[in-house]
Structure formats: C-alpha cells, structure tokens
*Asks:* 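This structure is in structure tokens; I'll ask about it shortly.
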Amino acid sequence: MRRLIIITLILLAATAYITVKYFRNLNTSGMYAGNIMHTIPDNAAIVFEFTNEKSFYDIYAGNTLLHNLIGGQKMSELDTVRNVLFGNAALNSFFYSRNVFMSLYPSQNNDVDLLLTASTAKDFNLSEFDKLAGQQKTGMLITPLKIGEKRGYNIYFNSLKKRFYIINIDANIFSGSFSKGLITQNANYKADRDKQAFMLLPDQQNSNSLANLYINYQHLGPLFSKLFKSNNSDIFKPFRLLPALAALNLNFKNDAVMFSGYSNIQTNKPGTYLNIFVKQQPVTNQLKDLYPSTTAYALNMAVSNPVQFSADLAEFYKNAGLLTEETALFDKIKAQTGIALQHEFAQLLGNEFAVVTTRYQERIAIIQVKNGSKLRPFINNISGMITDDVGQFNFAKVPYFLLGDAFSAFKKPYFRIIDNYLILANSVKELDSYNDTYFNRKFLNKTQEYIKFDNLLAERSNIAFFIHFKNAQQILKNGLKDDFYIAYKNNSLSWKNFFASSYQFAATDKNFYTNFCLLQNQSDTTVSKKTN
C-alpha cells in the first residue's frame, strides 16, 4: 500500500510538472507572442515566427530549402547571429526555446532589411552582454550602444566583418538587425495599441505550430517597389492592394515551403477587386489545365455564382466612382447593337476566368462560358470580324467592366471562341499561338514537374496566383532591379532553385482560407497525377 501511495505521488508530481511546463510554454509562444509583435514596427510586410531550439533547426539540417528561400548571404548572417552570439554559453540558456520573429522591411538603399525580435528568460540582465564582451576568442567585439532611451550593444562579427545592432526594446524583449537605420527606427517606435498591424494566432494554435507567417498585404507594395523597377508590375499585384491580414502555419515538407491559414479582410478599409470574391463559394480549379507550357505566371479566378459576381462587380465600380463610365459604355453598346451585353454575358459566364502571361510576354485571357455557341452572336455583334473565327472588340474596356481589374490590360482585345472558352489577346499572333497550344495540347500539366507541384495545391479556390520560375526568368530579368536579379540569377542559393509557387484564396465566412506553396526543383520527376 505504501509503495502504491509513493508511486501515485510521483505520478501526480510528474503530471503537475508537465502541466506547469505546458502552460508556461503556451503563455510564452501564444499569448506573449502578441506582446512581442506589438514592439515590431508596424510597417513590416511579412513576419516569420519560429522557435529557437534544436528541433527546429534539425528539421532543415542538410537541406538547402531555407537557404534558397532567404538567400545564401542573409542565411549565413543569420546563422552567425544564432551560433556565435546566441549560441554562446553565456547567452544560450536565456534565448534558447524562445520565439523569434523575423520581420522584413524595405530599406533606404534599394534593399530589404531584416529585424529579429525575441524575448529572453525573465531573469536575464543586460550585464550578461558585458560579461560576454570580456571573454576572449568569442569571434565578436561587443561595445555598448544607446539609441534614445534604449540601451543595447554594437556587435562586430569577425567572420562577417559586419556589425549587428541589438537593443532592449521593452522589459525582456530584444531586437537586432544588421541595419543601423532599422534598429534606430525600432528604438524610436511607439506602438499604437488600438491599431492592428498583424493578425495573431490563437494561443493553442501558436503553441502547436512549428513556424508561422504573418502578412500585412497592403505593406507588400513598398516591399515590391524595392524589388521591381516599376510599381506597375502586375506580378502578385491584386494581393498587394488587398486590405487584409494573414496568419499562416508552416506545414513541413522537405522539398517545399508550405503555409496554410487565414487571410482576414479589414472591413474598416476600402475594398478592392479581390474583396468581391468573399461572397462566393470555393470552386474546383480546372482552368489551370489549359495553361500553355510556356506560362510564366497566371492569375485564376473562380466564382460559384457568376450572376451574383457580375452584380457585385457592378456595385464595386459604383462605389469606386466608375458607375458613370460603366453605364455609358453598356448604354452605347445597347444603342448601337441592341444587346444588353452586361446582362447577357453574366448569364453565359462560367465558373472560372484567368489571365496568363507566357515566357514570351504574351498575355492571354481564358474565360470559361456555359455555351460558346450562344455567346458567339453577342461577341460577334460588338466586334469587327477579321476572319470567321477571329475578331476585335469595337468598344474599349469591355473585359475590364465585365470581369474586373485583372482584365484591365485588354483594352480592345482580339478574341476567339474555342469550344466553351472565350480567348482574348492583344494581337492576332497571340491568339494564334494559344490556338496552336489548345489544339496540339501543349499544356503545362503535361510536364511531370508540374504534376508533382499540382499535387501539393488545394483543389478548390476562388483566387489563385501561379508563377513558374524558369519560364518567368526573362520577365524577372526585365522587371527586377539589377541587384536583385543578379542575386537571383547568379547566386547558387536563391529562388531560381524553386520550380514554381502558388498562392490560393478560398472564400470562407467573408474571409479567405489561404494556401501558399513553393516547390524546390526536383531531380527525380517520377510522379503520378492526383485523381479526383
């Protein structure tokens, strides 16, 4: 009996220990994560959260996935901070197993800067840095630093020949960066507690996640302006305008970066084109099977109720102050042709429509319709026919007002109806090119690499952006600023080592369930296509 009591007491003590440890970790990684993120300057576009512990690093040991994602140089810098500074015996116990937040900012010198933010154990004291400074052969030169009222340290890494700045932001929260400008901005930052710059995950979800990704979509614009020569680049453009915040969890795969979670619309901000799709139901994506093998990037949209979508789009243009222009266009078409085009087109519109840009910078619109034969007389009557099958719209901006912002590049396009698809292009040559692709089945989904990639994607969505990095290389060369393209093309570790990427939105409860996938190039292409 005595032995049983002792065993019971041991089990109770073990249970109590595990329970306390669990809720302590939950508090650190979940609820406390919100306190840390409030210290991060709110003009960040992206924040990546992970736990500074061996198990996380072991997952990617011997794997170039993260190096390709972040870039060899920046990864080397981060590894030095982790191993030389925080891996030092004097600091390791205070920073180990703590959540680290890595945020991205556009810099003043056409670059992208990283800010690291983390908490320490509560018994940590700044004097620990002073003790470390007195050690020999640490690979660092540590000197005190003060920015305003914030105290910190200037750390010179011998191996990098570069300075890293770290400051005590608040209580036991520290921030560090290789950018003096960014760390100064952080030191002077005053958080607005009433303003939500990022969406937080529930405590339980945060504590169970390997890593998380937080996105403020409207802050992507300034970041992209540092990467691209022109702010008008249409790569990922609709997402950059969306008033939404995302919180995504990492789904581990050793050859792909995959995140999933939610993008929540900020209802206190003006809506954009993508807001229209939250009222729809997710649709099985089939139009991607018609992408040409030369596709560089594409934007696919899907609606469960085309008539409702047409009405919501018209309301969107009304709120945007474009009602007069839209009404004048369709009234003019009605007066000259007798066709109520907006109404008739909505009745015949199918569930999907996409805009594809090829490696040759051809731009093709593929629009699914319910009955191509019934659509033909309406389209013919608003066009000047060149051949029996090819014509050009007589009226400008028709695709824009029928289908939205994604079709603004097609002012007075040429068209062709193939089966139950309306194909638009800005030249007859581009139409002929796609006609050859369609009838000779020169589709992207015929390649084994794409099939493997497609197997990783969600089958249903309302909005999906896709980019094929090899096909997009010339476009990136023309569009990226020189330094970024050189780094992309010439560095052994960069995004050029990825096959493709996709970003998908599926409407749910007036927000979007979100999937992000980035697949690394494969040497073994023996795969099988998923079955429906």
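The structure displayed is predicted, hence computed values, not measured ones.
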*Asks:* Ignoring hydrogens and angles, tell me if any N or O in the side chain of Asp509 forms a donor-acceptor pair with the backbone of Asn511 under 3.5 Å.
*Replies:* no
*Asks:* Can a donor-acceptor pair be found, under 3.5 Å and without considering hydrogens, that links the side chain of Gln280 to the backbone of Ser304?
*Replies:* yes
*Asks:* How long is the span from the CD1 atom in Ile366 to the CD1 atom in Ile364, to the nearest 0.5 Å?
*Replies:* 7.5 Å
*Asks:* Shortest non-hydrogen contact from Ala298 to Val356?
*Replies:* CB-CG2, 4.0 Å
*Asks:* Does the salt bridge (charged side-chain N to carboxylate O under 4.0 Å, His left out) test come out yes or no for Lys226 and Asp483, once each step is laid out?
*Replies:* CA-CA 10 Å; Lys226 295 296 182 181; Asp483 288 346; over 6 Å; no
*Asks:* Would you call the rings of Tyr214 and Phe198 parallel, tilted or perpendicular, where under 30° means parallel and over 60° means perpendicular?
*Replies:* perpendicular
*Asks:* So, the side chain of Thr358 versus the backbone of Glu362: is there a donor-acceptor pair under 3.5 Å, distance only?
*Replies:* yes
*Asks:* Please lay out, stage by stage, how Asp432 and Arg416 fare under the test salt bridge (charged side-chain N to carboxylate O under 4.0 Å, His left out).
*Replies:* CA-CA 9 Å; Asp432 290 342; Arg416 187 176 198 135; 3.8 Å; yes
*Asks:* Please find the pair of heavy atoms, one from Pro243 and one from Thr272, that lie closest to each other, and give the distance.
*Replies:* CD-CG2, 3.7 Å
*Asks:* Between the side chains of Glu325 and Lys397, is the shortest nitrogen-to-carboxylate-oxygen separation below 4.0 Å, so that they form an ion pair?
*Replies:* yes
*Asks:* Check the angle between the aromatic planes of Phe277 and Phe309 and answer parallel, tilted or perpendicular using the 30° and 60° thresholds.
*Replies:* tilted
*Asks:* Is the closest basic N to carboxylate O distance between Lys452 and Asp454 below 4.0 Å?
*Replies:* no
*Asks:* Classify the angle between the aromatic ring planes of Tyr513 and Tyr262 as parallel (below 30°), tilted (30 to 60°) or perpendicular (above 60°).
*Replies:* perpendicular
*Asks:* Going through the checks in order, is the ring pair (Phe, Tyr, Trp, His ring centres under 6.0 Å) test met by Phe505 and Phe239?
*Replies:* CA-CA 10 Å; Phe505 276 169; Phe239 296 90; 5.0 Å; yes
*Asks:* Is the Phe443 ring parallel, tilted or perpendicular to the Tyr434 ring (thresholds 30°, 60°)?
*Replies:* tilted
*Asks:* When rounded to the nearest 0.5 angstrom, what distance separates CE in Met385 from CD1 in Ile379?
*Replies:* 10.0 Å
*Asks:* Are Tyr503 and Phe465 close enough that their ring centres sit under 6.0 Å apart?
*Replies:* no
*Asks:* Would you say the ring centroid of Phe512 lies under 6.0 angstrom from that of Tyr217?
*Replies:* no
*Asks:* Restricting to salt bridge (Lys or Arg N to Asp or Glu O under 4.0 Å), what partner residues turn up for Glu344, sequence neighbours left out?
*Replies:* none
*Asks:* When the ring centroid of Tyr297 is compared with that of Tyr291, is the distance short of 6.0 Å?
*Replies:* no
*Asks:* Drop me the distance from Phe259's CZ to Thr514's OG1, to the nearest 0.5 angstrom.
*Replies:* 12.5 Å
*Asks:* Quick one: sort the Tyr317 and Phe401 rings into parallel, tilted or perpendicular, breaks at 30° and 60°.
*Replies:* perpendicular
*Asks:* Is the Tyr400-Phe410 ring centre distance short of 6.0 angstrom?
*Replies:* no
*Asks:* Please check this pair: side chain of Asn371 against backbone of Lys374, looking for a donor-acceptor N/O pair closer than 3.5 Å.
*Replies:* yes
*Asks:* Roughly how far apart are Glu352 CD and Tyr421 OH, rounded to 0.5 Å?
*Replies:* 8.0 Å
*Asks:* When rounded to the nearest 0.5 angstrom, what distance separates CZ in Phe50 from CG in Asn212?
*Replies:* 11.5 Å
*Asks:* Mind checking whether Phe499 and His468 have ring centres under 6.0 Å apart?
*Replies:* yes
*Asks:* What distance separates Tyr105 OH from Ser177 OG, expressed to the nearest 0.5 Å?
*Replies:* 9.5 Å
*Asks:* Do Arg441's NZ or CZ and the ring of Phe439 fall within the cation-pi criteria of under 6.0 Å and 45°?
*Replies:* no
